[in-house]
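No experiment lies behind these values; they were computed from the predicted model shown. Below, chain A is the first sequence line, B the second, and so on; all start at residue 1.
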Amino acid sequence: TDLEVIHWWTSKGESAAVSQFAKAFDNDGHGDRWVDSAIALGETARSTVMQRVLGGDPPGAAQFNPGRQYEELISGGKLLDLTDVATAGKWDEVIRPKAIGSACLVDGHWWCVPVNIHSNYWAWYSKPVFEKAGVPEPKNLADFIAAAPKIKEAGLIPFAIGGDGNGWQIQLLFQDMVTEALGVAQRDKMYTTKSAEIAGGPEMKGVFTQLRTLKQFTDNGYANRNWNDTTNLVITGKAGLQVMGDWARGEFAAAGMTGVKDFGCMIGLNEAKPVVSTDGDIILFFKQGNADVEAAQKRLAALLISPEVQVAFNNAKGSMPVRGDVDMSTADPCMQKSLKAVEDPANIVTATNRFITENTNQQLNELVAQFFADDSMTADDATAKFATIIGSSD
Amino acid sequence: MTAGQITAIQPVQEAPDQAGVAPFGPKPRRISAGRIGIYAFLVVAALFFLIPVYIMIVTSLKGMPEIRLGHLFNLPGEPTFQPWADAWRHACTGRDCNGLSPGFYNSVKITLPSVFISIICASINGYALTFWPYKGANLLFGLLVFGAFVPYQVVIYPLIIGLSSVGLFASLPGIIIVHTIFGMPILTLLFRNFYAAIPVELFKAARVDGAGFWRIFFHIMLPMSVPITVVAVILQVTGIWNDFLFGVVFAGRANWPMTVQLNNIVNTTTGVREYNVNMAATILTAAVPLLIYFISGRWFVRGIAAGAVKG
Amino acid sequence: MAQNGTSVSIQDLSLSFGVVTVLQTLNLDVAEGEFIVLLGPSGCGKSTLLNCIAGLLDVSEGRIFIKGKNVTWEEPKDRGIGMVFQSYALYPQMTVEKNLSFGLRVAGTAKDEIAKRIARAAEILQIEPLLQRKPAALSGGQRQRVAIGRALVRDVDVFLFDEPLSNLDAKLRAELRVEIKLLHRKLQNTMIYVTHDQIEAMTLADRIAVMKGGIIQQLDAPQTIYNRPVNRFVAGFLGSPAMNFIDGQLENVDGGWRFVADALKIPLGTYDFAGLPTPGPAVFGIRPEHVSLNSGAGWPFSTAANVEVVEPMGSDTLVWLKLAQQNFSVRVTSERTPENDEAVTVGFDPMRASLFDSATGNRI
Amino acid sequence: MAQNGTSVSIQDLSLSFGVVTVLQTLNLDVAEGEFIVLLGPSGCGKSTLLNCIAGLLDVSEGRIFIKGKNVTWEEPKDRGIGMVFQSYALYPQMTVEKNLSFGLRVAGTAKDEIAKRIARAAEILQIEPLLQRKPAALSGGQRQRVAIGRALVRDVDVFLFDEPLSNLDAKLRAELRVEIKLLHRKLQNTMIYVTHDQIEAMTLADRIAVMKGGIIQQLDAPQTIYNRPVNRFVAGFLGSPAMNFIDGQLENVDGGWRFVADALKIPLGTYDFAGLPTPGPAVFGIRPEHVSLNSGAGWPFSTAANVEVVEPMGSDTLVWLKLAQQNFSVRVTSERTPENDEAVTVGFDPMRASLFDSATGNRI
Amino acid sequence: MQKSWRRRFHLPAVIGTIPMILVAVGVFVIGIGFSVLWSFTSSKLFPTYDFVGLAQYRRLWADNRWLVSVNNIWFFGLMSITCNMVFGYLLAVFMDQRIRQEDLFRSIFLYPFAMSLIVTGLVWQWALDPNLGLQEALRNWGWSSFSFAPLVSAETALYALVVAGIWQGSGVTMAILLAGLRGIDEDIWKAARVDGIPTWRTHMSIVAPMMKGAFATAFVLQCVSVVRVYDLVIAMTGGGPGIATSMPAVYVIQLITVRQNVGQGMAAATMMLLPVLVVLAFSGILLWRRNRLREAGA
Ligand SMILES: Nc1ncnc2c1ncn2[C@@H]1O[C@H](COP(=O)(O)OP(=O)(O)OP(=O)(O)O)[C@@H](O)[C@H]1O
Ligand SMILES: Nc1ncnc2c1ncn2[C@@H]1O[C@H](COP(=O)(O)OP(=O)(O)OP(=O)(O)O)[C@@H](O)[C@H]1O
Ligand SMILES: [Mg+2]
Ligand SMILES: [Mg+2]
C-alpha cells in the first residue's frame, strides 16, 4: 500500500535519516511503499498539510512538531487513533521521558508517534576564539557575558545569532534564558496558568536586560542570518558562542570538527544545571476512510518507534531516540551529555510549544525580535508586553 | 562638392561667418554631453539590474569552500559546472536526489494548458465585453478588476473547499483552473483594451457576413490578437512557471512543479546550504521564462502599446 | 431604373443610447433599385440609421421592412443586405479571396458555387489579379472594391454604404464615385449610401435625404434639394462654395414683396413663394454661381459693391465682397477676374434665390 | 505685397533617410512677404522640406538662409519661424492662454510683454473668449487658430504651415482658407504652406511649387500652373474634375501640326508650342471646363460623341463620354444637362489645351 | 418583445463568458464573502462558524505588528510607486532616444520580471549583507571605512525593499511608458522644439501629462503588486529586523498559515480590501457620472 508522507526533512543529513524510515517501511513485507513528499520549511509544509486536509485529500502521514499545532486536527476528528498500536507496543512504558509521550497522548488516546528528541538547550562555542581572546571557556551565561568584552577587543564577534524567520533564533535563546532565570517549575507555572504576574516579574525583566546586553556583543550582519550561517561563524572562528538546538552539532560534524578540541558545548545555559527540552519531531496519521490504508498506517506507526528504526534514524539525524532501551554508545561527547541528562526527570523541560498556541508563539517571536532589533525599546516595555501576551493567550 | 566651393559661388548671401566654416550640409555630429549622459545612465541602470544575475552566475560556478570565504563579487577562482549538474540531476529534496529535472516536466505539464486556457478565457472575455456587452457584463468586469487586488491567500480557503467539493482538488485540472482564475483579471483587462482599439466596423462586417459570436472570435478576432497574446503569454508563463504556492497545494503530489523542488533545494533550513547549487537551480528554473522574454521582448513593448496604453 | 415597389421601408424608427435620442420617429421608404443618399453633418445619426437597417443596432421603437418583410428583429445576415464601411473593415489576416468568400463559407455555400460567385464579382470589380493578396498590400481604391465585392458575392437585395470614399484622396474619390455609379447602373440593386460629402450626394443619388439631429430634413431629388431647399440648414449644407445668406426683413410694399437689409432692397417679383408670406425678419439666400458680376443690365436686380478677396480656384474664381455689410461670394469663370478692391456691379435673378424665416429657418 | 528681398532661400538641399533620398538638390527662393504653397501627392517630401526649413530635420547637403542669415545649423527656435501642424499639436492639458504663452514663459519674457502679445494675437485671431478653455473644448477651426496664434505671439518672420486644414470638414476648410488669406494680407509675413489639396493651393498661393518625388516640378503663379503646366504630372495633378488626356500622335501635315488619335484629328493651328515640336507619340490634354457641349459651331474643333454618365454636382454637371475610345469629361452648367446616351457635339479651342511628350511627359 | 430580449442577451456571449461569471461571482464575490464572514468567527486552524462579532478586529487593531504593517504599506507603497514611476519614466525616456542596442537594454531591464522573487530576493539580501555583499567587497578593495548595511537597521530596511522593488518592477513600468511615449504625436515634439522649449521641460509640462493612459496602467499594476507584496518581503527581510518590514499581506498569510488564526487573518484581509473597494467604488461612480454628463451634454 502506498502511503504519502509529508515532511520538511530536506537537507542531506535529514534525507538520509528519513530514508531509514522509508527503507524499513518499504521492506516490511506487506508490499508497502513510502511515497516521499518533502516540502522545505516547516511552516510551508504544515500549511500544505492543513490545506490538503481542508481539501479532503490529506496525506497518509505528516511530520509535525510536538505542541499545539495539531490540537484542532484531533478535536476535528481528522487523525487516526493509534491507541491499539500503542498498547501493543507498550509505548507508555518504552517512551522516555514521559513528557515526550504526552505530546501524543491526549485524553487517553494516542494520536501520533514521537520519533526523536531535540533539545533546544545548548550553547556552542569555538575553543580557538576563547583561546585567542585569552579568556577561559564559559561554564554558564554569566561567564560568557564576562568574557565577551575581551573577545570583542580581539576583533571577533563574541555572540553569534541570526534574525531570520520572524526571529525564531532569538526566541530560542530567549526561552532558554527564561528557563534559566525562572527555573523549570516557575516557568511551567507561568505557561500553564498564563500567569501575567510571573511574566511581568523582576526575573523576566532581568532576562530582557540580559538580552539587550547580549545584543551589544553581536555583529550588525545578524538581521537576516539563518541559523547555519550563524553556526558557520562559530565554526570558522569568527564568532565566540551561539545558542542553538542540538541539530547544530551536525554542522560542526560536517565541517570535520570534533567536540573535544575544536568546539565546546554547554548543556543548558548553565553546565551546573543541565536541562533537556522535549522538542523533536512527531508523525501524524490522517484518517483515510480505507481499511487497507489504515492498516498500512498502523504498520508504519509501529515501525517508526521500533528499536532498530529508532537507532538507525537518530544516528543519521543526530537526535536522541525516544526510547531509552536502545544502544547509543557510538554517539559523540555532546550527545552523551544529553543522554545522561535525559535519564533524570528533573532535568526535563517541556517544549514551550506544548503550552502555547502557534499564535502566541509567533507573537512572542515578534516581541523578542522587535526588542532585539529596536534598541529604543526598554526592558520594562518589553516585560509589560510579554506579560500581556502571556496573560491574554489561550 | 565642398563647403568652400559653395562659399565661392554664393558670396552675396553669406552672413558674416565667425567660425570660418559656413554651415553647410549636415550638422557636424558633436558627441554631445547629453548623449554621453544618456548612455551613462542606461549603462549604470543596466549594471544595477545585472547585479543579482551576476552574483547568481558567479556563485553558481564556485565551489563551496570558495563561497565560504564570502567574497560575493569575486569571479570564481576555479570555475566548476558541478553545481549545475547537481542542481539539475542530483540535488536532494527529501529522499529523492534527482535534482530539478523531474519537476521540469510537471511544470511544462501545468504551464502549457494553464497558459493556453487562461488566455483563451481572457480573450473571450475581452471580446465579449467589447463587442457583445450584455446587461451587467461591465459590473462583472468591475468585480474582476477588484479581484486583481485581492491577495491570493485570502481566497485560498474558499477555493480549496470549492474545488474539493467538485473533486478537482489536488489534480492537474485543479491547478489549471486556479491559474486561470488568478490570471483572468489582468489578462481580461489587457484583451478588453486591445479589442476596444479594433475598429468596430470589422465586427459589424463579420456580422453582416452572417458570422456569429464564435466564428467572429475564432476567424476574425483571434488571428488579429497576436501582439496582445504575446504579452499575455509572457505574463502567464512567468507567473505560472514561477508559482510555488498554488502548485504545492492544488496540483497534487504527482504534479508538483519544479518550484517545489527549487524551494526544497533553496530553503532547506537544517544542514549545509549549498549556495552554488541554489543559484544554479534558480537560474535553471528561471530559464524558461527568461528565454521567452529574450525571444519576444521586442513584441512585448509593441503588444503593451496595443493593450495597455489606451483607456 | 426599375423602381417597382418598396425595397426598404422604415416606420417610426427611434433609437436612443441611454438618455440621448439619436433618431426620432424617422420614416423612410426606399423604392426598389433606388439609390438613396443620406447626407448630413457629422453626428447627425446617418451611421446609426444605416446600422439599424443592417440590424447592427437594436431599435428602441418602430419597425423596419425589407422587401416587404418585417426584419426589425432579424439577424443582420438574414436581412438580405450587404454593407460597405468607411474603413472597409476587410479582415486583415485573410486574402482578398478569403475575404470575399467568408460570408459564403459561413453560410455553408457549396465550393464551386463560391468560386463562381467570386469569379463574377472579381470580374465586375476588376480585381481578379488581386485575389491572392492580403488587404495590407492593396491600395485604397482596391480595398474599397474588395469591400464592395464582399457584398456583391452574397447576392443581396440592398447595399448599404457608410461613407465608403471618405478615406481616399480627392482624385481616387472622383474615380470611384463614377465606378459606383456605373455599378449601380449594372446591378440595379437598391443602394443606401451615407456621406457627408455633398458632391458625392449630388452625383450619385436618385434621391437625397438630408439629415440633421436624427431627423430627415428633406428627402428629394438632388436638383430639387439644391435649388429649392426646404430650410436654411439644407440650403447652407449643400453647395460649395456655400450659399450666400443675408439677414434682413421681408416687407410688403404696394402689394409687392421685397427683401430689405440695410440699404439693400431686393424686389421679389419673380420669387416663387412656398406659401403665403408674412412680413418680418427673413434670410435671403442665393448661390454664388447664380450671381453675376459686371454683366451689365438684364438682371432683375443689381447693385454695386467692392471686391474684398479674390480666390482663384483653377477653373473658376470666387470673389468675396460685402452686401449689406455681410459677406457675399460670387463665382465667376476664370477669365473675368476682378482685382482686389475693384468696384463691381452684382446682379442676379431673385427667382433663383431662397427665402427663409429667420426664426424657424423654414423656406418661405 | 511687400516683396522686397529674399526671405527664405534654400540652396542645393538634399536629404536622405538612410538609403532613401527624399529631397534632391532642391533650390527655392521665397521673397519676403510671399505666400508659397508646396503642393504634391502624399509622400513627395513636402513635410520633409518644411521640417528642414524649420530645423527639425538635419539636412544631408546644402544650405538654408532665412532673412539672409545662414541658419543651416541653427536651432528651430533661433530661426525666426513659426510652425502650424496638421494635427495642431496643441498642448492638451494647457488652456489656450497657456498654450500661447508657454514658449514665451520658457524664454523668460516679461509678464506684461507676454500679456500684451497674447492680447494682440487673440485679437487678430478673434479667440479672446476662448483663452481660458482647453483644446479639447475647442472646435477644429478654433484649434487651428490657436495653433497659428502660437506662432503669432513669437513674432516670427516666416510662418510654416503643414497641411493645417486637412483634418477639417469641407465647409470649415473653405472658411479657414479665407481666414488664412486675410491673415496673410494683414500680417504680410512670409508664409510657406504645405498641402495636397489643390483648391487650397490655387486660392492661397502667390506662387505654387508642385513637387513630386522630392523634386520641384514647377514653381509659378497659380494661373500659370493651371493653364500652362510644364508636364503631364502637373497637368493631371491640378484641377478637379481632372484634365482629360487623350493618347495619340503629333503629326505634321502640310506644314501644319495636328494631333491624331484614332479617328480623332485635332488641328493645332491655335496651339502655343513651348518649343519646336517633333512628330511622334504625344498626349493631348484639355480641362473639362474648356470644352463645350452642343454649343454649335464657332469652335476651332468639334466632334460628335455619346453621353455615358451624367454626374450632377450641384452648381455644374459633369458629362462623361468617350473620345477616341478614351474617357472624356465635359463640365456644363446645370441648366443644359444632356441625358444618358444622348448624342452630343463636343467643341473646344486647342489654344486652351496642353500637349505633352508621351515619353518624357514634358510640355510640347 | 421576446426577440428583442434574445438579441440583447446574446446567448453565446453569456456562454462564452461563463468562466468570467464563475470567477467574478464564484471566486471574487462568494470567496471574499466567506473570507469576510470568517473574520467574524473565532476560526483558528480551520474556518468555523462560531461567531464572535468584532472580537477579531479588536484584537487586530490591538496588535502592534498589524499597526506596523499598516504604516509600512503606506510608506512602502508611496515610496516604491513614486520611485518606480520616476525611474521607469527616466528609463523609458532614455530608451526613446534612438539608442543603439535598444533590444539589449530592454531585455536587461525586463528580465527581473521573469524571475521568481523568492530567490532573487535572497540574492539581494546577500548583496546588501554587510559581511558578504557590497560593503565587504568595497572594503576588500580598499575602502575600509565604507559602511552600507541597509537591511540591518529597522530604519533603512524598508528602503532596501524599495530598491529591490524598483529592480523588479521598473522594467515593466518602462515598457508601458515607452509604449506610451511612442504613441505621442510627433508633431507635439516638433511644436515644442519650434517654441524653443527645452527637452526636459517638454517632458515635464507637456508629454508626461499627455501619457495619462500609460501612467494609469502602470500605476494600477504597481498598486496591485504593492497591495500584494509578499514574496519580496519574505525573501529579503522575512519582515525583520524585528517586525520592522512587516506588511499587511505578510501579516495575513502569517496569521492564516503559521499562527493558525484564520479568524484574525481574515479580519486583516478584510481591512486590506476596504481601501481598494473604496477607491474602486469611487472611480466607478466618477466614471458613471462622467458618462452621464457627457450623454446629457451631447
Ligand atoms: N454607442 C453609442 N453610445 C452613445 N452615443 C452614441 C453611440 N454611437 C453613436 N452615438 C451618438 O449618436 C450620434 C449619431 O452618431 P452617428 O455615428 O450615427 O453619426 P454620423 O451621422 O454617422 O456621423 P459621422 O459623419 O461622423 O459618421 C452622435 O452624437 C454620437 O455621439
Ligand atoms: N523618418 C523617416 N525615415 C524614413 N523615411 C521617411 C521618414 N520620414 C519620411 N520618410 C519618407 O520620406 C518621404 C517623404 O515624406 P513626407 O512626410 O515629406 O511626405 P509628404 O509629402 O509630407 O506626404 P503627406 O502628404 O502624406 O504628408 C516618404 O516617402 C516617407 O516615407
Ligand atoms: Mg458615421
Ligand atoms: Mg506631410
Side-chain angles (χ1 to χ4, degrees), chain B residues 38-39 41-42 45-46 48-52 55-56 70-73 121 124-125 128 132 134 137 140 142-151 153-155 157-159 180-181 184 188 212-214 238 242 244 259 266 282 285-286 289-290 293-294 297-298 300-301 304-305 308-311, chain E residues 9-10 12-14 16-17 19-21 23-24 27-29 31-32 34-35 47 91 94 97 99 103 105-116 119-120 123-124 126-127 131-133 136-137 167 175-176 178-180 182-183 213-214 217 224 227-228 249 252-253 256 269 276 280 284:
Chain B
I38 288 170
Y39 280 102
F41 179 86
L42 286 176
F48 165 67
F49 276 86
L50 288 173
I51 289 176
I55 294 176
M56 286 166 73
H71 301 310
L72 207 55
F73 290 93
C121 278
I124 293 174
N125 292 345
W132 305 84
Y134 46 88
L140 288 175
L143 287 173
L144 218 54
V145 172
F146 174 60
F149 287 88
V150 178
Q153 292 80 357
V154 170
V155 277
Y157 276 41
L159 262 184
T180 305
I181 288 173
M184 196 176 279
T188 302
F213 184 88
W214 295 110
T238 49
N242 286 332
F244 164 73
T259 40
V266 172
T282 305
T285 313
L290 279 180
Y293 252 91
F294 288 137
R298 182 195 301 268
F300 186 69
V301 173
I304 289 245
V309 176
K310 291 153 196 133
Chain E
F9 277 87
H10 232 272
V14 179
T17 50
M20 176 172 78
I21 298 171
V23 170
V27 179
F28 293 126
V29 173
I32 292 171
F34 268 104
S35 296
L91 282 181
F94 288 150
Q97 306 298 312
I99 52 154
D103 283 359
F105 278 114
R106 193 185 39 232
S107 299
I108 290 176
F109 297 146
L110 273 174
Y111 90 90
F113 197 62
M115 314 246 332
S116 160
V119 185
T120 48
V123 179
W124 272 109
W126 282 9
N131 299 324
L132 285 172
E136 176 75 2
W167 174 82
I176 294 172
L178 185 58
R182 301 225 157 128
T217 309
V224 169
V227 170
R228 282 182 176 173
V252 169
I253 292 154
I256 293 178
V276 178
L280 273 185

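Contact count versus chain B (heavy atoms, under 4.5 Å) is highest, among E:Leu178, E:Val29, E:Val23, for E:Val23. Taking chain E as the reference chain and counting heavy-atom pairs below 4.5 Å, the highest number among B:Thr285, B:Thr259, B:Ile51, B:Ile38 is found for B:Ile38. Per-residue counts of heavy-atom pairs under 4.5 Å with chain E were compared for B:Phe244, B:Trp214, B:Phe41; the largest is that of B:Phe41. With respect to chain B, the highest number of heavy-atom pairs below 4.5 Å among E:Phe105, E:Phe34, E:Tyr111 belongs to E:Tyr111. Taking chain E as the reference chain and counting heavy-atom pairs below 4.5 Å, the highest number among B:Leu159, B:Thr188, B:Leu50 is found for B:Leu50. Per-residue counts of heavy-atom pairs under 4.5 Å with chain B were compared for E:Val27, E:Val227, E:Ile32, E:Ile99; the largest is that of E:Ile99. Most heavy-atom pairs under 4.5 Å with chain E: of the set B:Ala46, B:Ala286, B:Pro289, this distinction falls to B:Ala46.
Distance CG/B:Leu42 to CD1/E:Ile108: 9.5 Å, rounded to 0.5 Å. Taken from CD1 in E:Ile256 to OH in B:Tyr157, the straight-line distance is 6.0 Å, to the nearest 0.5 Å.
Within 6.0 Å of CZ in B:Phe294 there are more than 12 heavy atoms belonging to other residues, nucleotides or ligands.
Proximity of a side-chain donor or acceptor of B:Asn242 to a complementary backbone N or O of E:Ala114 within less than 3.5 Å is detected.
When heavy atoms are compared at a cutoff of 4.5 Å, B:Phe48 approaches chain E by way of both its backbone and its side chain. Only the side chain of B:Tyr39 has a heavy atom closer than 4.5 Å to any heavy atom of chain E. Of the atoms belonging to E:Pro19, heavy atoms from both backbone and side chain fall under 4.5 Å from chain B. Both the backbone and the side chain of B:Phe146 come within less than 4.5 Å of a heavy atom of chain E.
Residues forming a side chain to side chain donor-acceptor pair (under 3.5 Å) with B:Thr180 (at least two apart in sequence, or on another chain): none.
Nearest heavy atoms, B:Pro158 versus E:Ser35: CG-OG, 4.3 Å. Minimum interatomic distance between E:Met20 and B:Met184 (heavy atoms only, all atoms of both residues): CA-SD, 3.7 Å.
Between E:Trp124 and B:Phe49, the distance separating the two ring centers is not shorter than 6.0 angstrom.
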